[in-house]
Amino acid sequence: MNASLSGRAASLYTMLALGYAFLYLPIVLLVIYSFNASRLVTVWGGFSTHWYAELLHDDKVLDAAWLSLKVAVVTATGATVLGTLASVLLVRFKRYPGSTLFAGMVAAPLVMPEIITGLAMLLMFVAMEQTIGWPAGRSMTTIVIAHITFCLSFVTVVVRSRLAQMDMSLEEAAMDLGARPLKVFLVITLPLIAPALMAGWLLAFTLSVDDLVISSFVTGPSATTLPIVIFSKVRLGVSPEINALASVFVAFVGCAIALGGTLSRKQD
Amino acid sequence: MSARGTLKQKVGRFLVALPPYGWLVVFFLLPFLIVLKISLSELQAAIPPYKAIFAWAEDGILQLRLNFGNYSYLFSDELYALAYLNSLKVAAISTALTLLIGYPMAYTIARSPARYRNPLLMLVVLPFWTSLLIRVYSWMGILKNEGLLNSFLMWLGIIDSPIQIMETNTAVYIGIVYSYLPYMILPLYATLEKMDLTLLEAAADLGCPPFKAFLKITLPLSMPGVIAGTLLVFIPAVGEFVIPDLLGGPDTLMIGKVIWAEFFDNRDWPVASAVAVAILILLVVPIMLYQRNESRAEAK
Amino acid sequence: MTTQPPLIRIERVTKRFGDFTAVNQIDLDIRQGEFFALLGASGCGKTTLLRMLGGFETPTEGRILIDGVDVSTVPPYERPVNMMFQSYALFPHMTVEQNIAFGLQQDKMPKGQIAERVKAMLDMVQMSQYAKRKPAQLSGGQKQRVALARSLAKQPKVLLLDEPLGALDKKLREQTQLELVNIQEKVGITFIMVTHDQEEAMTMACRVGIMKEGRIAQIGTPFEVYETPNSRFVGDFIGNANMIAGAVTGGEGADWTIASSDLGCTITAHHEEPLPNGSDVTVMVRPEKMSIGRQPVAGAINTVSGRITDIAYLGDMSIYHVKLAGGARLQVSQANLRHGIGGRLEHDEEVSISWHPGDSVVLLA
């Protein structure tokens with residue numbers, strides 16, 4: 001019985017290992033080939049950092065990256081604030097007029113195909129500009145508004161579950177000791193859900209930096225984000241410069257995760 | 001906090017509720033109403049390229065000019081029907097593949113020693129933090145004719161000439177499975193992990209060998225996770241644009257690509273809107289299924 | 001009965017988890033039709049022993065025989081043994097009926113027979129009207145009945161019960177104890193129960209095995225383990241006990257004189273075996289075996305006096321905590337037989353306590 005048990009475990013773990021290989025191999029290959037001297041993507045022409053140097057001189061890429069970063073920081077912050085309020089609304093307010101509509105509106109962006117959200121947002125911006133004259137044209141502002149809207153839902157998912165798990169008696173104890181609701185929220189609730197806020201912020205940041213489809217709809221000629229630049233290049237085929245750009249991206253994310261990991265371990 | 005709070009409490013609650021509620025009404029609900037409206041209006045060569053539905057007639061009566069032409073156009077041109085069906089097919093096949101790959105992974109993680117579970121799960125989620133675009137792009141270099149996979153297979157001597165994977169439905173399946181695997185594994189893991197393992201001991205005690213116990217106990221009990229994961233992959237996959245655009249070929253017709261083309265290439269906003277509304281109608285059932293599944297899981 | 005070979009024979013069974021020895025060289029025989037209780041504090045190894053009988057753990061050493069067959073490495077799904085789980089482990093996606101039928105379906109029993117058996121089991125536990133319910137729609141007591149019916153449906157040779165009443169509240173527990181005993185007598189299946197509740201074990205079991213740190217401290221009927229414990233541990237574990245330390249100074253027949261430093265006097269205790277002079281012993285006297293009063297009982301052999309420091313009034317009886325002149329404390333319980341107010345002992349009263357030598361137990365370990 002033990003032999004067959006461990007045999008079953010071995011085959012399960014083999015499957016798991018293959019699954020991880022499937023997830024990581026493409027990224028690893030991408031990074032390896034970013035150091036390829038040859039322009040031909042599949043032929044190894046020796047080690048070179050040539051494509052990274054090229055990347056550094058590509059103003060279009062650098063400008064787009066800077067814009068994406070700005071958009072992501074504003075988006076993540078806005079979405080975290082709104083998402084936290086939305087979580088409080090969902091977890092603590094329970095029933096109020098329009099609560100079902102609200103729950104639906106929070107959940108819908110999670111599964112809505114991006115292409116529909118993007119189209120809808122753009123049409124709304126156009127309609128608003130026509131009727132109230134704002135926002136004037138499409139720019140970083142419209143991108144940020146669109147990003148906050150869909151990121152808000154993801155932040156809410158993260159914060160909401162943490163808030164729901166929180167021991168209510170902690171808040172009750174604080175109130176019992178004389179703290180008013182706002183004070184309780186700031187002094188007790190907020191510190192306790194802080195890890196979830198951090199996770200939500202990072203999630204929103206990543207989603208914003210990553211977004212191509214919605215940005216493509218709501219952007220104007222003045223605002224080109226990094227995914228839009230990459231997409232226009234990628235559509236032309238595989239190129240070592242994009243490999244290099246992708247590797248920088250992976251390295252950046254890797255560092256952020258390592259940092260986040262050590263920070264949260266220190267907290268524990 | 002009783003339902004009959006003081007005025008101050010009511011104001012406080014209102015102030016908490018207003019920002020997220022207002023934001024979602026203005027920037028999420030309203031846009032969809034506008035899409036619905038535009039899908040019912042006529043194309044015109046102007047900015048914006050559609051006519052108003054409401055117009056004030058001479059005698060001051062509000063006229064409603066609905067144009068269902070955009071919808072009948074969808075039915076008349078077989079391209080749209082094909083794109084719909086193909087989107088459903090591609091999404092269904094990819095979702096099934098994702099489930100097939102994701103279930104054993106989620107199961108193994110959920111049954112591994114407790115201290116390894118979080119790191120193993122983290123490894124599943126990690127690639128999700130890098131750009132989707134880049135992850136899809138990484139497959140271009142692998143799948144194309146002179147790509148790494150074909151070179152590798154030829155080097156092994158399994159094939160003599162490159163097989164065409166890139167620009168086929170197969171490439172799109174691979175891309176979708178790759179991109180959406182975490183969405184499948186996470187809800188599956190959540191239900192499998194919280195399952196009471198003494199149920200399996202009880203099944204064994206009553207004479208049920210392990211594999212049968214899996215079929216009769218574990219699988220039915222993980223259905224909420226299977227449903228959640230399936231819908232989380234299926235719904236966005238139906239409207240997927242980036243993956244079929246980059247990995248699929250010209251014959252990989254998907255509805256996301258059609259909207260993109262209608263909108264950016266043909267600049268036909270009303271038809272694009274009508275297509276969007278049609279997708280939404282198509283997705284309403286799975287989205288509602290998902291919501292019901294979630295609220296049920298929450299109630300438990 | 002005694003000539004019959006035991007239904008279950010546990011031979012020098014040891015179970016280790018890494019460095020931790022959960023069960024340490026246990027030998028135990030259990031007869032057909034017995035209701036046996038394994039009693040002990042949490043972590044004493046009783047549940048591990050039960051799980052080895054069920055097949056959920058494999059012994060590190062030794063073997064387990066059921067009906068003469070070594071089942072040590074037989075998986076649970078091939079053992080003629082069923083278990084009632086502490087959490088009941090009812091399948092949440094199946095109805096009560098389906099839960100009870102589950103084990104029978106595994107045996108490929110014909111459908112008609114299954115239906116009959118399920119009906120009979122439902123009748124037995126008085127749950128017939130709940131056959132179509134899901135476990136989530138049942139109360140704790142109802143779940144317990146379904147779990148019992150499910151584990152008995154296959155008519156196993158042995159039923160293992162892991163804290164079967166642990167999840168019920170006190171009132172329901174007492175009522176269910178007797179029900180369970182009645183069912184056991186009716187079906188005639190050997191029951192092995194694990195519990196940490198000594199009252200439960202004493203009420204239900206024919207024999208009790210008291211476990212401590214992976215070993216069995218004493219096996220016997222409830223009467224034996226209560227009246228004649230073999231060690232300080234068992235005496236203390238089962239019921240309340242006054243433990244009086246002392247040294248043997250002499251003896252006459254089976255009555256021994258013991259000088260107690262605790263009490264500051266000599267007492268007489270009954271013991272059948274010879275005790276060497278000067279050996280250290282503990283004399284155990286149960287609180288209800290002592291009598292308490294304002295005046296010493298005339299002719300009593302063992303008498304001490306002290307002052308009442310606490311009275312716990314329990315209704316049917318009272319427990320008096322008495323501090324002796326030398327500082328030692330004794331507990332005496334007395335049934336409240338009379339309404340008489342005047343005769344009631346009060347806090348701080350000087351009292352005298354006495355007991356018969358035959359009501360004490362001399363413990364060597």
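A, B, ... follow the sequence lines: proteins, then strands. Residue 1 opens every chain.
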Student: Please say whether more than 12 non-hydrogen atoms of neighbouring residues, nucleotides or ligands are located less than 6.0 Å from CZ in Phe152(B).
Tutor: no
Student: Take Leu283(B) and Met112(A) through the test side-chain contact (heavy atoms from CB on, under 4.5 Å) and record every step on the way to the result.
Tutor: CA-CA 9 Å; Leu283(B) 290 180; Met112(A) 192 63 69; over 6 Å; no
Student: By a 4.5 Å heavy-atom criterion (distance strictly below it), what part of Ile142(B) contacts chain A: side chain, backbone, both, or neither?
Tutor: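 Side chain only.
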Student: Met140(B) and Val234(A): side-chain contact (heavy atoms from CB on, under 4.5 Å), yes or no, with the steps?
Tutor: CA-CA 9 Å; Met140(B) 292 173 72; Val234(A) 163; 3.5 Å; yes
Student: Select, from Val136(B), Leu232(B), Leu181(B), the one with the greatest count of heavy-atom pairs under 4.5 Å involving chain A.
Tutor: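 The candidate making the most pairs under 4.5 Å is Leu181(B).
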Student: Tell me, out of Phe32(B), Phe128(B), Tyr183(B), who's got the most heavy-atom pairs with chain A below 4.5 Å.
Tutor: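 If we count pairs closer than 4.5 Å to chain A, Phe32(B) comes out on top.
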Student: What option among Ala237(B), Pro127(B), Pro182(B), Pro286(B) has the most heavy-atom pairs under 4.5 Å with chain A?
Tutor: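 Between Ala237(B), Pro127(B), Pro182(B), Pro286(B), the count favours Pro127(B).
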Student: Please report the closest heavy-atom contact between Met124(A) and Leu30(B), naming both atoms and the distance.
Tutor: CG-CD2, 4.4 Å
Student: Between Ile174(B), Leu231(B), Leu120(B), which has the largest tally of heavy atom pairs under 4.5 Å with chain A?
Tutor: Leu120(B)
Student: Relative to chain A, which segment of Leu133(B) carries a heavy atom at a distance below 4.5 Å: side chain, backbone, both, or neither?
Tutor: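 For Leu133(B), the contact with chain A is made by backbone and side chain together.
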Student: Given heavy-atom pairs under 4.5 angstrom as the criterion, report whether the side chain, backbone, both or neither of Leu30(A) touches chain B.
Tutor: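 For Leu30(A), side-chain heavy atoms alone lie under 4.5 Å from chain B.
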Student: With only heavy atoms counted, which part of Ile235(B) is less than 4.5 Å from chain A, the side chain, the backbone, both or neither?
Tutor: both
Student: Measuring from atom CG of Leu16(A) to atom CZ of Arg111(B), what distance do you get when rounded to the nearest 0.5 angstrom?
Tutor: 13.5 Å
Student: Examine whether an atom of Leu123(B) lies under 4.5 Å from a heavy atom of chain A, and if so say whether it belongs to the side chain, the backbone or both; otherwise answer neither.
Tutor: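 Contact with chain A: backbone and side chain both.
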Student: Heavy-atom pairs under 4.5 Å with chain B are the metric here; pick the option from Leu25(A), Leu122(A), Leu182(A) that has the most.
Tutor: Leu122(A)
Student: Under a 4.5 Å cutoff for heavy-atom pairs, which residue among Gly83(A), Gly104(A), Ala86(A) has the most contacts with chain B?
Tutor: Ala86(A)
Student: Of all the heavy-atom pairs spanning Tyr21(B) and Gly98(A), show the shortest one and how long it is.
Tutor: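 Looking at all heavy atoms of both residues, the shortest contact is OH-O, 2.7 Å.
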Student: Specify which of Leu152(A), Leu212(A), Leu110(A) makes the most heavy-atom pairs with chain B at under 4.5 Å.
Tutor: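 Between Leu152(A), Leu212(A), Leu110(A), the count favours Leu152(A).
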Student: In terms of heavy-atom proximity below 4.5 Å to chain A, should Phe211(B) be classed as side chain, backbone, both, or neither?
Tutor: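 Contact with chain A: none, neither part.
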Student: To check you understand the geometry: which heavy-atom pair defines the closest contact between Thr149(A) and Trp23(B), and what is its length?
Tutor: OG1-NE1, 3.0 Å
Student: Identify which of Asp245(B), Val35(B), Val238(B) forms the greatest number of heavy-atom pairs closer than 4.5 Å to chain A.
Tutor: Asp245(B)
Student: Return the CZ to CD1 distance between Phe27(B) and Ile148(A), rounded to the nearest 0.5 Å.
Tutor: 8.5 Å
Student: Taking atom CZ of Phe205(A) and atom CH2 of Trp129(B), what is their separation to the nearest 0.5 Å?
Tutor: 10.5 Å
Student: If we define contacts as heavy-atom pairs under 4.5 Å, which of Val250(A), Val209(A), Val106(A), Leu202(A) has the most with chain B?
Tutor: Leu202(A)
Student: Restricting to non-hydrogen atoms, name the atom on Leu119(A) and the atom on Ala276(B) that form the minimum distance, rounded to 0.1 Å.
Tutor: CD2-CB, 3.6 Å
Student: Quick check on Leu18(B) against chain A: is it the side chain, the backbone, both or neither that has a heavy atom closer than 4.5 Å?
Tutor: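 Looking at Leu18(B), nothing touches chain A.
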Student: To the nearest 0.5 Å, what is the distance between CE on Met121(A) and CD1 on Ile34(B)?
Tutor: 10.0 Å
Student: Please rank Leu203(A), Asp211(A), Thr156(A) by heavy-atom pairs under 4.5 Å with chain B and give me the top one.
Tutor: Leu203(A)
Student: If you count heavy-atom pairs under 4.5 Å with chain B, which of Ala108(A), Ala103(A), Pro113(A), Ala17(A) comes out on top?
Tutor: Pro113(A)
Student: With a cut-off of 6.0 Å (strictly less than), are more than 12 heavy atoms of other residues, nucleotides or ligands near CZ of Phe252(A)?
Tutor: no
Student: Which heavy atom in Met105(B) sits nearest to a heavy atom in Tyr20(A), and how many Å separate them?
Tutor: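 Taking every non-hydrogen atom into account, CE-N, 3.9 Å.
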Student: Would you say the side-chain atoms of Tyr178(B) pair up with the backbone N or O of Leu23(A), donor to acceptor, closer than 3.5 Å?
Tutor: yes
Student: For Tyr107(B), is it the side chain, the backbone, both or neither that has a heavy atom under 4.5 Å from a heavy atom of chain A?
Tutor: side chain
Student: List the atom of Gly239(B), the atom of Ile115(A), and the distance in Å for their closest heavy-atom pair.
Tutor: O-CG2, 3.8 Å
Student: Need one label for Val25(B): side chain, backbone, both or neither, based on atoms under 4.5 Å from any heavy atom in chain A.
Tutor: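 For Val25(B), the contact with chain A is made by backbone and side chain together.
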Student: Between Phe217(A) and Trp260(B), what is the ring plane arrangement, given parallel below 30°, perpendicular above 60°, and tilted in between?
Tutor: perpendicular
Student: Nearest 0.5 angstrom please: Ser216(A) OG to Phe241(B) CZ, how far?
Tutor: 7.5 Å
Student: So for atom OH, which belongs to Tyr24(A), do other residues, nucleotides or ligands contribute more than 12 heavy atoms lying within a distance under 6.0 Å?
Tutor: yes
Student: What option among Ile185(B), Leu33(B), Ile259(B), Leu246(B) has the most heavy-atom pairs under 4.5 Å with chain A?
Tutor: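 Most heavy-atom pairs within the cutoff with chain A belong to Leu246(B).
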Student: Heavy-atom cut-off 4.5 Å, strictly under: side chain, backbone, both or neither for Phe249(A) against chain B?
Tutor: side chain
Student: Side chain, backbone, both or neither: which part of Pro210(B) has a heavy atom under 4.5 Å from chain A?
Tutor: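 Side chain of Pro210(B) only, per the 4.5 Å heavy-atom cut-off to chain A.
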Student: Please confirm whether the backbone N or O of Ile242(A) pairs with a side-chain atom of Tyr137(B), one donor and one acceptor, at under 3.5 Å?
Tutor: no
Student: Select one option (side chain, backbone, both, neither) describing which atoms of Ser153(A) are under 4.5 Å from chain B's heavy atoms.
Tutor: neither
Student: Using non-hydrogen atoms and a 4.5 Å limit, figure out which bit of Val277(B) sits close to chain A: side chain, backbone, both or neither.
Tutor: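 Neither; nothing under 4.5 Å.
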Student: Give, for atom CD1 of Ile134(B) and atom CD1 of Ile230(A), the distance between the pair rounded to the nearest 0.5 Å.
Tutor: 4.5 Å
Student: Sort Ile255(B) into side chain, backbone, both or neither according to what part of it lies under 4.5 angstrom from a heavy atom of chain A.
Tutor: neither
